[in-house]
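Letters A, B, ... mirror the listed sequences (proteins, then strands); counts begin at 1.
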2 protein chains.
Amino acid sequence: MHIQELIKAIKERRRTLKINQKQLSELTEIGLRTIKGLESGKTNPTFKTVTTILDVLGLQLKITTKK
Amino acid sequence: MHIQELIKAIKERRRTLKINQKQLSELTEIGLRTIKGLESGKTNPTFKTVTTILDVLGLQLKITTKK
DNA sequence: GCTAAAAATGCATTATAATGCACTTTAAGC
DNA sequence: GCTTAAAGTGCATTATAATGCATTTTTAGC
C-alpha cells in the first residue's frame, strides 16, 4: 500500500463518519496542521500519526505477504 | 496494529529470508542506523520508511475495518 | 569461554515531521 | 454570485526521524 491509498482511505472514512479535519484533530489529539498536511499529501507522516488516525476512524493496518 | 507487531514481523521476515540488517539497509537504501533504530524500537519511523522496508521483504500493509 | 558476525548504543549533524497562526482557496447551500 | 464552513497553503519554530561513525553488547559456532 502506498501513501495515496492511505490518504484516500482516511478521507473517505472521515467523510463517511461525517467528521471534519478539525474534529479528527481533536479526537486524535494530533495537530490540525498535521492532519491537513497528511490529507493533502504534503508530508510523510510517522507511523504513529497514521495508526492513531486510523484507530480513531475505526480502521487498522494489517501486514500481509505480497503475492 | 501497533509498532511492536510491525517490528516483530519485520525481524521474523528478515531472518526467514536470511538477510541481516546491513543487507536490508543496502536493499532498501535506508541507513543502517535507521534500520537499527526501528528494529530495536527506539524510534517512530515514517510511513515511507516502513513501507519501503516491508516492500523489500515481500510484505505489505493493508487497511481493514476494526471489528 | 574464544572468536567473529550481527545487533545495539552514544553522540553529533542534517533533514524534515509536527505544530500554531494567519491567510487563501474551494465547496456547498441558499 | 453571496455566505459560510471546510480544506488547503505559507511561514516560523520545535521536536525528532534519518544518518554516519565509533564503540559496546549480544549471539552463534566452534
Asker: Please answer whether the main-chain N or O of Asn20(A) pairs with a side-chain N or O of Gln23(A) as donor and acceptor at a distance below 3.5 Å.
Answerer: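 Indeed, once roles are kept as given, a pair shorter than 3.5 Å links the two residues.
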Asker: Just distance, no hydrogens or angles: give the donor-acceptor pairs under 3.5 Å from side chains in residues 57-67 of chain A, sequence neighbours left out.
Answerer:
from	atom 1	to	atom 2	distance (Å)
Lys66(A)	NZ	Asp55(B)	O	2.9
Lys66(A)	NZ	Asp55(B)	OD1	2.6

Asker: Could you tell me which non-hydrogen atom of Thr49(B) sits nearest to which non-hydrogen atom of Ile30(B), and how far apart they are?
Answerer: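 What the structure gives for the nearest pair is O-CD1, 3.8 Å.
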Asker: Backbone N or O of Glu39(A) within a donor-acceptor pair of the Lys11(A) side chain at under 3.5 Å?
Answerer: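 A pair under 3.5 Å: yes.
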Asker: How many whole angstroms separate atom CG of Leu32(B) from atom P of dT23(D)?
Answerer: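 Rounded to the whole Å, the gap is 16 Å.
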Asker: Quick check: closest heavy atoms across Asn44(A) and Phe47(B), and the distance to 0.1 Å?
Answerer: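 Heavy atoms of Asn44(A) and Phe47(B) come nearest at OD1-N, 3.6 Å.
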Asker: For DNA chain D, what residues of residues 19-30 of chain B have any heavy atom nearer than 4.0 Å?
Answerer: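 Result for residues 19-30 of chain B: Ile30(B), sorted by number.
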Asker: With a 4.0 Å limit, can you tell me whether Ser40(A) has a side-chain N or O closer than that to the phosphate oxygens OP1/OP2 of dT9(D)?
Answerer: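 Answer is yes, contact under 4.0 Å.
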Asker: Compare every heavy atom of Thr28(A) with every heavy atom of Thr52(A), then report the nearest pair and how far apart it is.
Answerer: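 Minimum heavy-atom separation between Thr52(A) and Thr28(A): CG2-O, 3.8 Å.
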Asker: Only counting residues at least two apart or in another chain, list the ones meeting side-chain contact (heavy atoms from CB on, under 4.5 Å) with Glu5(B).
Answerer: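 side-chain contact (heavy atoms from CB on, under 4.5 Å) list for Glu5(B), sorted by chain: Met1(B), His2(B).
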Asker: Side chains of Lys8(A) and Gln4(A): closer than 4.5 Å at any heavy-atom pair?
Answerer: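 SC-SC contact between Lys8(A) and Gln4(A) ruled out.
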Asker: Going 5' to 3' on DNA chain C, which nucleotide is the first and which the last to come under 4.0 Å of a heavy atom in chain B?
Answerer: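 The contacted stretch runs from dA6(C) to dC11(C).
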Asker: Taking only side-chain nitrogens and oxygens of Lys11(A), does any of them come within less than 4.0 Å of OP1 or OP2 of dG8(D)?
Answerer: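 Yes.
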Asker: Does Ser25(B) have any side-chain contact (heavy atoms from CB on, under 4.5 Å) partners at least two apart in sequence or in another chain, and if so, which?
Answerer: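 side-chain contact (heavy atoms from CB on, under 4.5 Å) check on Ser25(B) returns Leu32(B), Ile35(B).
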Asker: Look at all strands and tell whether Arg15(B) reaches a base, only sugar-phosphate, or nothing, counting heavy atoms closer than 4.0 Å.
Answerer: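 Result for Arg15(B) = nothing.
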Asker: What residues from residues 46-56 of chain B pass a heavy-atom cutoff of under 4.0 Å to DNA chain D?
Answerer: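 DNA chain D contact set from residues 46-56 of chain B: Thr46(B), Thr49(B).
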Asker: Does the side chain of Lys42(A) reach to within under 4.5 Å of the side chain of Lys36(A), using non-hydrogen atoms?
Answerer: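 No, every pair of side-chain atoms sits at 4.5 Å or beyond.
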Asker: Let's test your reading of the model: under 3.5 Å, does the base of dG10(D) pair with the side chain of Arg33(A) as donor and acceptor?
Answerer: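 In this structure, the two groups form a donor-acceptor pair.
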Asker: Give the minimum heavy-atom separation between Ile19(A) and Leu24(A), together with the two atoms involved.
Answerer: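 Nearest pair, atom of Ile19(A) first, then Leu24(A): CG2-N, 3.6 Å.
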Asker: With a cut-off of less than 4.0 Å, is there a side-chain N or O of Lys42(A) near OP1 or OP2 of dT9(D)?
Answerer: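 Lys42(A) to dT9(D) OP1/OP2: side-chain N or O found under 4.0 Å.
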